[in-house]
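A short write-up of the structure that comes next.
Just so you know, these numbers come straight off a predicted model, no measurement behind them.
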Amino acid sequence: MRALVIALLFVAAPAAAQTPIAAPAAPVAQPAAWNPAAAYITVGQDEPGYRSWYIAAPYRAAQVKSFNDYLVSNQVGGIVPTWQLLRTATSWQSCGAQPFEVPPTEAWPHIVQTLRYIHDYVIPALGPVEPVSAYRNPALNVCAGGAPESAHKAYSAIDMVPLRPITREAMMRTLCGDHNAHGLSYQAGLGFYAYMRFHVDSTKYRRWNMDPAVAAECPPIVHPEDVASVGQPLPSADPLAPAAQPAPMAAVPAIRPERGLPH
């Protein structure tokens, strides 16, 4: 019996050795993280950059506190992080400007109504947003290619991006619907730029730079006297023009400085 068992072991061993081993499954590619602000915010204008800017000059702490207290006293504090409201222009480095700036106190009232509109109609529709550009002093506005009468110079405008995934077309349709219904009562301006960047101000009721897919239901509202206060879209041949925009979860493309882009 023992000899039989040993014989069977020798017969079975080659067969076991020939049993194929399944190849490991290929790793599943993970979608790129949704971070549209990365297209506009460089090192130095991010949160660590803000901390460095804040401590670089002792007087800035008092300025920022005064500004934040003003927002709170007007019931618009905390709608977006205060430090993001101090971002200047995407092209701050090439213009030799500061990444953040506390606007002059006489300009602070201009941002209050803009923040109210964002609180009442932008965030409920899109979810959280991140400001990428707000106040631009006159010299920086010129260097950045802003419109001559840009609302950013008066600190009435905020450029921002949505923090929840959404397509560009859906974002436009959503914001335009609310702008049609409520923009006039807030004197809200609404504009769209490359990728997911959009503009809200409270200077005057107007609208610009909609993509063709939504222009019929959301036509532009720009009177001749408004031309100097709105930015121009990117040229159609530009690879970052709306037709070439990536899907929501695709990698975020690099965006050129603001020349020709903002308002």
Q) In the single-linkage hydrophobic clustering (I, L, V, M, F, W, Y; side-chain heavy atoms under 4.5 Å), do I221 and M210 co-cluster? A) no

Q: Examine distances only and state if a side-chain atom of N74 and a backbone atom of V76 form a donor-acceptor pair shorter than 3.5 Å.
A: no

**Q.** Verdict with reasoning, N68 to T82, per side-chain hydrogen bond (donor to acceptor under 3.5 Å, both in side chains)
**A.** CA-CA 7 Å; N68 187 70; T82 299; 2.7 Å; yes

Q) Looking at Y186, is R116 sitting on its ring face, NZ or CZ under 6.0 Å from the six-membered ring centre and within 45 degrees of the normal? A) no

Q: Evaluate the criterion ring-ring contact (aromatic ring centres under 6.0 Å, His included) for residue pair W108 and Y155; output intermediate values, then yes/no.
A: CA-CA 7 Å; W108 294 359; Y155 200 39; 8.6 Å; no

(Q) Measuring from atom CG of L126 to atom CD1 of I166, what distance do you get when rounded to the nearest 0.5 angstrom? (A) 5.0 Å

Q) Do Y135 and L86 pass the side-chain contact (heavy atoms from CB on, under 4.5 Å) test, and can you show the C-alpha distance, the side-chain angles, and the key distance before you say yes or no? A) CA-CA 7 Å; Y135 176 67; L86 304 180; over 6 Å; no

Q.
Would you say that M196 contacts R168 through its side chain, given a criterion of any heavy-atom pair below 4.5 Å between the two side chains?
A. yes

Q. For A151, does its backbone N or O pair with a side-chain atom of S156 as donor and acceptor, under 3.5 Å?
A. no

**Q.** Side-chain touch F192/D211, heavy atoms, less than 4.5 angstrom
**A.** no

Q) Within the distance-only criterion (no hydrogens, no angle test), does the side chain of T88 pair as donor or acceptor with the backbone N or O of P99 below 3.5 angstrom? A) yes

**Q.** Side-chain heavy atoms of V64 within contact of Y50, under 4.5 Å
**A.** yes

Q. What are the two closest heavy atoms between C176 and R207, and how far apart are they?
A. SG-CD, 3.9 Å

Q) About how many Å separate CD of E149 and NZ of K204, when rounded to the nearest 0.5 Å? A) 10.5 Å

Q | Flag, side chain of W34 to backbone of P162, donor-acceptor distance under 3.5 Å | A | yes

(Q) Membership question, hydrophobic clusters at under 4.5 Å side-chain separation (ILVMFWY): are L115 and L163 in the same one? (A) no

Q: Kindly determine whether I158 and H199 satisfy side-chain contact (heavy atoms from CB on, under 4.5 Å), including the steps that lead there.
A: CA-CA 6 Å; I158 303 173; H199 163 115; over 6 Å; no

Q.
Is there a path of hydrophobic side-chain contacts, each under 4.5 Å between heavy atoms, that joins I111 and L140?
A. no

Q. Quick check, are the ring centers of H179 and Y205 under 6.0 angstrom apart?
A. yes

Q: Decide whether H152 and D201 meet the rule of one side-chain donor and one side-chain acceptor closer than 3.5 Å.
A: no

(Q) Could you check whether any side-chain heavy atom of Y121 comes within less than 4.5 Å of a side-chain heavy atom of L175, counting everything from C-beta outward? (A) no

(Q) Just so I know, are the side chains of R60 and V102 near enough to count as touching, which here means a heavy-atom distance under 4.5 Å? (A) no

Q. Is F100 close to L85 at the side-chain level, that is, under 4.5 Å between some pair of heavy atoms?
A. no

Q.
Would V129 and V122 count as a side-chain contact (heavy atoms from CB on, under 4.5 Å) here? Give the steps.
A. CA-CA 8 Å; V129 294; V122 175; 4.0 Å; yes

Q. Is there a chain of hydrophobic side chains (I, L, V, M, F, W, Y, each step under 4.5 Å between heavy atoms) that links V72 to F67?
A. no

Q: Can you spot which of E101, Q45, E130 makes a side chain to side chain donor-acceptor pair (under 3.5 Å) with R87?
A: E130

Q: Identify the two heavy atoms, one from A89 and one from R136, that lie closest to each other, and give their separation to 0.1 Å.
A: CB-CD, 3.5 Å

Q: Indicate the atoms forming the closest heavy-atom contact of Y54 with A61, along with that distance.
A: OH-CB, 3.2 Å

Q. Can you find a pair of side-chain heavy atoms, one from R197 and one from S133, that are under 4.5 Å apart?
A. yes

**Q.** For the student: nearest non-hydrogen atoms of N141 and A147, plus distance
**A.** ND2-O, 3.1 Å

Q. Rounded to the nearest 0.5 Å, how far does CZ of R51 lie from CG of D46?
A. 9.0 Å

Q: Could you give me the CA-CA distance, side-chain angles and deciding distance for F198 and Y193, then say whether side-chain contact (heavy atoms from CB on, under 4.5 Å) is met?
A: CA-CA 6 Å; F198 66 97; Y193 293 93; over 6 Å; no

Q: Identify whether I55 and W83 are in the same connected component of the hydrophobic contact network (ILVMFWY, side-chain heavy atoms under 4.5 Å).
A: yes

Q: Please report the shortest heavy-atom distance between I79 and H119, naming the atom on each side.
A: CD1-CB, 3.6 Å

Q: Could you tell me whether the side chain of S150 and the main chain of G146 form a donor-acceptor pair under 3.5 Å?
A: no

Q: Please confirm whether the backbone N or O of S185 pairs with a side-chain atom of Q187, one donor and one acceptor, at under 3.5 Å?
A: no

Q: With rounding to the nearest 0.5 Å, note down the distance linking CE in M171 to CD in E169.
A: 11.0 Å

Q. Looking only at heavy atoms, which two atoms of Y195 and A39 are closest? And how far apart?
A. CD2-CB, 4.4 Å

